[in-house]
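The block underneath contains the structure these notes are about, expressed in structure tokens.
Letters A, B, ... mirror the listed sequences (proteins, then strands); counts begin at 1.
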Amino acid sequence: MSSEHLLASLNPEQQEAVVSTEGPLLILAGAGSGKTRVLVHRLAYLVQEKGVDPASLLAVTFTNKAAGEMRERVERLLGLGHSGLWVSTFHSTCVRILRRDIGALGRDQNFVIYDDSDSLGLIKQVLKRHNLDPKIVEPRRLRWKFDQWKNEGVLPDRAMELSTDLEEERSAELYETYQRMLFEANALDFGDLLLQTVVLFKEHPEVLELYRQRFQFVLVDEYQDTNTVQYQWVKQLVSGHGNLCVVGDPDQSIYAWRGANLRNILDFERDYPDAKVVRLEQNYRSTQPILEGASALVANNIERKSKRLYTEREGGELITLFEANTDREEAQYVVREILTLQREDGRDLSEIAIFYRTNAQSRTFEEELLKYNVPYVIVGGVRFYERAEVKDALAYLRVLINSADEMGLRRIVNNPPRGIGRTTLDRAAEMGREAGGGLLQGLRRFASDGPARSSGKVKAFLELIDGLAREIQDLGPGEAIARVLDASGYLRQLEKDGSPEAEGRIENLRELVSSAEEFKAENIEELMEDSSERSLIELFLDQVALVSDLDQADLGEARVSLMTTHSAKGLEFPWVYLVGLEEGLLPHAASSHDESGIEEERRLCYVGMTRAMEKLTLTCAAERMRFGKRSHSMPSRFLREIPFEYIELKSAPKRRLPRYGDHEGFESRSGGQSRSSSWGKPSAERPKTKRRSDGERQLDTSYSQESSHEGDSGAGTRVRHPVYGLGTVLEVSGDGENRKLKIRFERAGVKKILARYANLERA
DNA sequence: GATCGCAATTTTTTT
DNA sequence: AATTGCGATC
């Protein structure tokens with residue numbers, strides 16, 4: 001494609017952003033201003049017009065999805081295949097660097113990557129070693145603290161210096177132990193990937209120089225979300241040539257809680273004095289009411305570079321605000337709207353998205369969508385690679401490749417049960433420490449010196465591991481997983497179980513094997529080109545550690561998309577429902593303590609609103625279930641900040657008193673649900689309302705004790721659960737509001753359910 | 001050492 | 001409302 005073509009479809013500001021290739025450049029790209037397009041064209045321009053070798057370009061993003069999209073579009077534009085162009089996330093870029101050069105830090109190339117739960121487990125080990133009670137020193141809090149330090153680029157020594165009180169000092173000590181144990185386990189956690197790369201570059205300028213030479217042009221996406229280490233990392237890489245292009249929008253900074261520093265983008269011109277700034281302020285995405293409403297909202301932030309986004313699109317529907325009485329009603333409204341859109345307007349479901357603040361909110365929407373058979377996909381949420389059986393299988397591989405991996409080893413040593421319990425493990429760990437080694441070494445000692453009864457079991461386990469380690473060397477990732485599951489007895493254990501849950505797990509493991517096969521098929525060529533010694537198994541483990549479901553979700557299918565507003569950043573949909581606009585939820589209570597917290601929540605709301613292209617609907621509910629209890633909430637302050645002229649108000653009929661009867665929602669459904677009786681609230685317990693002569697309603701709090709007939713809820717009854725589907729009651733226990741049901745579901749297996757909360761229908 | 005049952009906690013967002 | 005963790009019991 002010629003230069004004219006590369007520039008032809010761009011407006012003057014966009015063109016400037018593309019052709020300003022030398023020196024530092026800040027692109028302030030408002031929502032929907034064609035940012036990705038500009039980046040893609042810029043990369044193509046560098047190669048085609050400036051004759052730059054694709055291999056000397058580095059583009060860094062936050063998500064694999066964004067990276068994948070960018071790479072694909074550039075390669076398509078240039079008609080290139082594998083060109084040596086590096087477009088990847090901060091984390092995977094760092095993994096590639098560390099896999100090659102971490103040896104300079106005296107560490108092993110075969111390190112494992114610990115995810116959040118691995119690192120939480122390790123922190124529990126740290127506490128054990130310090131003889132601290134996890135109830136007093138909370139592991140999660142520590143993890144958060146360590147993470148903050150890592151985001152700030154702070155190592156244990158420095159953390160100690162910075163400590164201002166005793167508690168922080170203690171934490172810094174534990175941080176030190178934690179880092180040492182990570183090292184001993186030959187492991188790096190997420191934060192380490194960045195931090196250790198920065199340390200590597202700092203302590204070994206010759207290594208840094210290598211990468212500086214290679215990457216002549218560096219591009220960073222979503223710069224407003226970078227934290228201090230990422231900032232340092234970028235600075236290290238570009239010092240010298242200074243060819244750094246960063247793109248971002250301060251109004252879309254929503255990761256301060258994870259260490260993102262808004263100052264990185266606000267102070268860019270100070271950090272890179274000869275920086276050029278380009279502003280992209282024309283919005284090509286949203287209709288006027290949506291854009292104006294969102295802009296007016298975010299204008300309430302004090303800490304802000306002012307900006308005026310405009311659109312040439314005129315007209316468009318007003319933003320709808322729906323005020324529901326309950327969360328159930330909120331979900332019903334949205335789902336009915338969706339059904340109408342689909343039936344009457346012929347809209348494709350993939351054009352519709354529902355955004356919420358917390359993952360817990362998805363449940364109600366799922367239930368309603370299921371009831372009406374509306375296909376949907378949850379983006380994010382519980383991830384495939386976080387399921388226990390998947391983690392178990394991967395832990396085997398991890399240990400086989402890196403025998404120091406303590407958390408992996410702890411996970412598999414007695415799984416399936418082999419009679420190696422806590423006592424044995426504690427003793428082995430101690431023996432390992434005495435010998436100056438890790439848990440595995442301890443187990444080896446235990447096998448030879450330990451008490452006869454348990455040492456035999458340990459010995460058998462070690463033989464299994466050693467044998468497998470040899471066997472898998474020549475296997476692909478899929479074959480290796482299959483082999484491990486078979487040889488370890490893991491699969492047999494599940495098969496023997498025979499329960500529907502176990503079958504689900506087996507199914508997930510099959511899926512894991514096939515995704516590993518797929519990985520092999522996709523990457524085998526690249527592996528041939530890649531001179532690194534890493535096997536496909538190792539590359540597969542890296543991939544699963546760094547890839548989230550969000551990256552893999554196929555949004556093209558005809559399904560409604562559900563996700564948190566955080567996950568929605570970077571996406572766009574014609575129809576958007578932004579739900580739960582209530583005080584305490586958006587803005588979230590946990591962020592409402594200071595003004596900067598509120599401002600970030602406001603930006604989050606802004607991000608959600610600006611995803612919408614044609615139609616935006618906001619909803620709130622006066623009452624919702626939280627922690628299994630109903631709680632009341634006020635409409636979000638953000639609703640008042642959107643000018644009324646852009647809003648069309650719709651409200652459910654207001655209630656003067658809480659309606660106890662229909663909070664599960666069946667009675668208020670259209671179409672008559674008389675045959676379904678809700679067990680959620682046995683009728684015996686419902687405070688009754690009775691009509692008084694003056695027409696007012698009054699709560700009658702005297703509960704009558706008519707017991708519900710056993711026939712209704714006894715064992716053998718067929719029921720339908722909104723999520724789990726059809727099932728049969730096996731057992732009933734407890735009374736009144738503590739009534740519990742044990743139900744075997746056809747799809748989901750046996751579950752115990754507290755009747756009060758479950759929306760059960762008789763089937 | 002494993003299994004069962006109860007209690008406590010959770011919910012802010014995630015590379 | 002579900003998961004996790006702990007303690008009691010076998």
Between protein and nucleic acid, restricted to nucleotides 8-10 of chain C and to nitrogen or oxygen atoms under 3.5 Å apart, what atom pairs and distances do you find?
none

> Yes or no on salt bridge (charged side-chain N to carboxylate O under 4.0 Å, His left out) for A:R363 and A:E366, after CA distance, side-chain angles and deciding distance?
Replying inline: CA-CA 5 Å; A:R363 186 171 202 90; A:E366 277 185 82; 5.8 Å; no

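- Rounded to whole angstrom, the span from the CD atom of A:Q224 across to the P atom of B:dT14 amounts to 16 Å.
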With a cut-off of 3.5 Å and sequence neighbours excluded, list every side-chain donor-acceptor pair involving residues 126-133 of chain A.
| from | atom 1 | to | atom 2 | distance (Å) |
| --- | --- | --- | --- | --- |
| A:H130 | NE2 | A:T177 | OG1 | 2.6 |
| A:D133 | OD1 | A:K135 | N | 2.8 |

> For A:S119 and A:D189, what are the C-alpha separation, side-chain angles and deciding distance, and is it a side chain to side chain donor-acceptor pair (under 3.5 Å)?
Replying inline: CA-CA 7 Å; A:S119 84; A:D189 66 14; 5.2 Å; no

Polar pairs (N or O, both sides) under 3.5 Å between protein and nucleotides 7-13 of chain B?
| from | atom 1 | to | atom 2 | distance (Å) |
| --- | --- | --- | --- | --- |
| B:dT12 | OP2 | A:H588 | NE2 | 3.2 |
| B:dT12 | O4' | A:H588 | NE2 | 3.4 |
| B:dT12 | O2 | A:R357 | NH1 | 3.0 |
| B:dT12 | O2 | A:R357 | NH2 | 2.1 |
| B:dT12 | N3 | A:S591 | OG | 3.3 |
| B:dT13 | OP1 | A:N359 | N | 2.9 |
| B:dT13 | OP1 | A:N359 | ND2 | 3.3 |
| B:dT13 | O4' | A:R357 | NH2 | 3.4 |
| B:dT13 | O2 | A:W257 | NE1 | 3.3 |
| B:dT13 | O2 | A:R357 | NH2 | 2.5 |
| B:dT13 | O2 | A:H566 | NE2 | 3.4 |

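- Of the residues in residues 410-420 of chain A, those with a non-hydrogen atom less than 4.0 angstrom from any atom of DNA chain B are A:N414, A:P417, A:G419.
- Under the 6.0 Å cut-off for aromatic ring centres, A:W257 and A:Y255 qualify, their centroids lying closer than that.
- Comparing the C1' positions of B:dT11 and C:dC6 gives an interatomic distance of 23 Å, to the nearest angstrom.
- Judged by distance alone, with hydrogens and angles left aside, the side-chain atoms of A:R611 form a donor-acceptor pair with the main-chain N or O of A:V607 at under 3.5 Å.
- The interatomic distance linking A:K569 (NZ) with B:dT14 (P) rounds to 12 Å, in whole Å.
- Environment of CD in A:E430: sparse, with no more than 12 heavy atoms of neighbouring residues, nucleotides or ligands closer than 6.0 Å.
- In this pair, A:F365 and A:Y356 present their aromatic rings parallel. The plane angle is below 30°, not in the 30 to 60° band.
- Comparing A:R258 and A:L425, the nucleotide of DNA chain B nearest to each residue sits closer to the 5' end for A:L425.
- Within a 6.0 Å radius of NZ in A:K235, more than 12 heavy atoms belonging to other residues, nucleotides or ligands are found.
- Across all strands shown, A:T565 has no heavy atoms under 4.0 Å from either base or sugar-phosphate atoms.
- Residues passing the salt bridge (Lys or Arg N to Asp or Glu O under 4.0 Å) test with A:D147: none are found, sequence neighbours excluded.
- Among the heavy atoms of the strands, none lies under 4.0 Å from A:K457.
- Tested against A:Q196 for a side chain to side chain contact (heavy atoms under 4.5 Å, CB included), the candidates A:L200, A:L194, A:V199 yield a single pass: A:V199.
- Applying the ring-ring contact (aromatic ring centres under 6.0 Å, His included) rule to A:Y178 yields the partners A:F146; only residues at least two apart in sequence or on another chain are considered.
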